[in-house]
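First comes the structure, then the notes that go with it.
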There are 2 protein chains.
Amino acid sequence: MDRPPADPYQRDCPSRQVLDRIGDRWTVLVVGALSDGPLRFSQLAARIDGVSQKMLTQTLRALERDGLVTRTIYPQVPPRVEYELTEAGVTLQEPLQALENWAKTHMPTILTARQQYDAALPAVNTP
Amino acid sequence: MDRPPADPYQRDCPSRQVLDRIGDRWTVLVVGALSDGPLRFSQLAARIDGVSQKMLTQTLRALERDGLVTRTIYPQVPPRVEYELTEAGVTLQEPLQALENWAKTHMPTILTARQQYDAALPAVNTP
DNA sequence: CGGTATCCCGTCCGATACTG
DNA sequence: CAGTATCGGACGGGATACCG
């Protein structure tokens with residue numbers, strides 16, 4: 001194989017860019033929300049609590065650009081736009097699901113660890 | 001079970017915080033770098049290309065706070081500090097590995113999709 | 001060696017207003 | 001309904017300097 005090794009530990013490795021995409025807050029949630037089937041823009045917005053219209057649009061555009069989501073416009077009045085995971089998007093959904101499950105499973109442990117860590121700190125800001 | 005459902009789609013769900021931690025650029029890489037065994041601070045810095053001292057410290061502190069990494073100081077001159085994944089940290093390493101593999105596998109496809117998407121755009125900034 | 005403290009700039013992102 | 005455009009505050013994160 002003559003392709004350069006995909007080593008994310010190197011600054012300029014393209015897989016860094018991929019990880020950066022995953023890195024943003026909303027990508028994981030959007031992909032998760034679409035895992036049950038296509039949804040309209042407004043349905044996504046309703047399902048994902050706290051996302052702004054701007055961020056939802058931005059995230060969806062990025063996913064579309066990466067070929068992970070398709071955007072279908074139904075020429076009606078009022079317009080209807082549906083988003084759906086592509087084949088590649090579905091494959092992403094699997095590792096993300098694993099991550100989400102890990103988060104759900106270990107969340108209590110982590111929260112406890114945080115409290116202990118914070119409790120052991122010198123009491124700053126307590127005059 | 002009387003614990004509230006861990007639904008990341010709700011704004012105030014604690015698992016959002018967990019996903020946010022994963023979300024930062026360096027956590028994934030640090031955990032990956034530690035998967036082969038404990039490393040010193042300088043070794044981590046050398047291994048992860050592009051990370052600043054500040055960010056490495058910050059990431060390690062966050063991981064330590066969450067109980068995913070232990071920090072061991074060997075009282076010597078000059079000092080030596082080693083970081084190692086905890087049991088919980090090792091369990092995280094697994095889903096992250098899956099994500100990293102996904103990134104490596106689908107990176108070429110994504111890069112191609114991006115080029116096509118960008119090429120299809122109206123030529124902005126070309127007066 | 002392994003940090004902490006400070007400065008400072010870029011970007012993220014929410015709020016708001018407007019359009020097809 | 002599903003966006004785009006613009007503004008502005010918050011914050012991430014790099015560079016630098018200094019400490020135990």
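In this text, all values refer to a predicted model and were calculated from it rather than measured experimentally. What you see below is based on every heavy atom in this structure, not just the backbone, and it leaves out hydrogens, waters and symmetry mates. Lettering of chains follows the sequences in order, A, B, ..., and the numbering in each one begins at 1.
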Can you list everything that forms a side-chain hydrogen bond (donor to acceptor under 3.5 Å, both in side chains) with B:E64? Sequence neighbours excluded, please. none

Which pairs, with at least one residue in residues 56-106 of chain B and sequence neighbours excluded, count as a ring-ring contact (aromatic ring centres under 6.0 Å, His included)? B:W102-B:H106

Distance-only donor-acceptor hits, side chain of residues 26-34 of chain A, under 3.5 Å, sequence neighbours excluded:
from: A:T27; atom 1: OG1; to: A:R21; atom 2: O; distance (Å): 3.2
from: A:T27; atom 1: OG1; to: A:D24; atom 2: OD1; distance (Å): 2.8
from: A:T27; atom 1: OG1; to: A:D24; atom 2: OD2; distance (Å): 2.8

Could you pull out all residues at least two apart from A:D49 that satisfy side chain to side chain contact (heavy atoms under 4.5 Å, CB included)? B:Q10, B:R11

Presence of B:Y83 side-chain N/O under 4.0 Å of C:dG3 phosphate oxygens OP1/OP2: yes

Please enumerate all residues that pass side-chain hydrogen bond (donor to acceptor under 3.5 Å, both in side chains) together with A:Q97, with sequence neighbours excluded. A:Q93

Rounded distance (Å) that lies between atom P of D:dG3 and atom CG of A:L56: 8 Å

All pairs passing salt bridge (charged side-chain N to carboxylate O under 4.0 Å, His left out) where residues 68-81 of chain A contributes a residue, at least two apart: A:R80-A:E82

Pairs meeting criterion salt bridge (charged side-chain N to carboxylate O under 4.0 Å, His left out) with involvement of residues 26-38 of chain B, two or more places apart: B:D36-B:R47

Identify, residue by residue, the members of residues 60-73 of chain A with a heavy atom below 4.0 Å from DNA chain D, and return them in order of residue number, or none. A:R61, A:R71

Using a 4.0 Å cut-off on protein heavy atoms (strictly under), produce a 5'-to-3' string for nucleotides 13-20 of chain D with B for base contact, S for backbone-only sugar-phosphate contact, and - for none. BBB----B

Distance (rounded to the nearest 0.5 Å) between B:L60 CG and B:L39 CG: 10.0 Å

Qualifying residues under side chain to side chain contact (heavy atoms under 4.5 Å, CB included), relative to A:Q58, sequence neighbours excluded: A:K54, A:M55

To the nearest angstrom, how far is A:L44 atom CG from D:dC1 atom P? 14 Å

Axis-to-axis angle across the helix from C:dC1-D:dG20 to C:dG20-D:dC1, five pairs an end, to 10 degrees? 50°

Going by heavy atoms closer than 4.0 Å, what residues in residues 34-42 of chain B are next to DNA chain C? B:R40, B:F41, B:S42

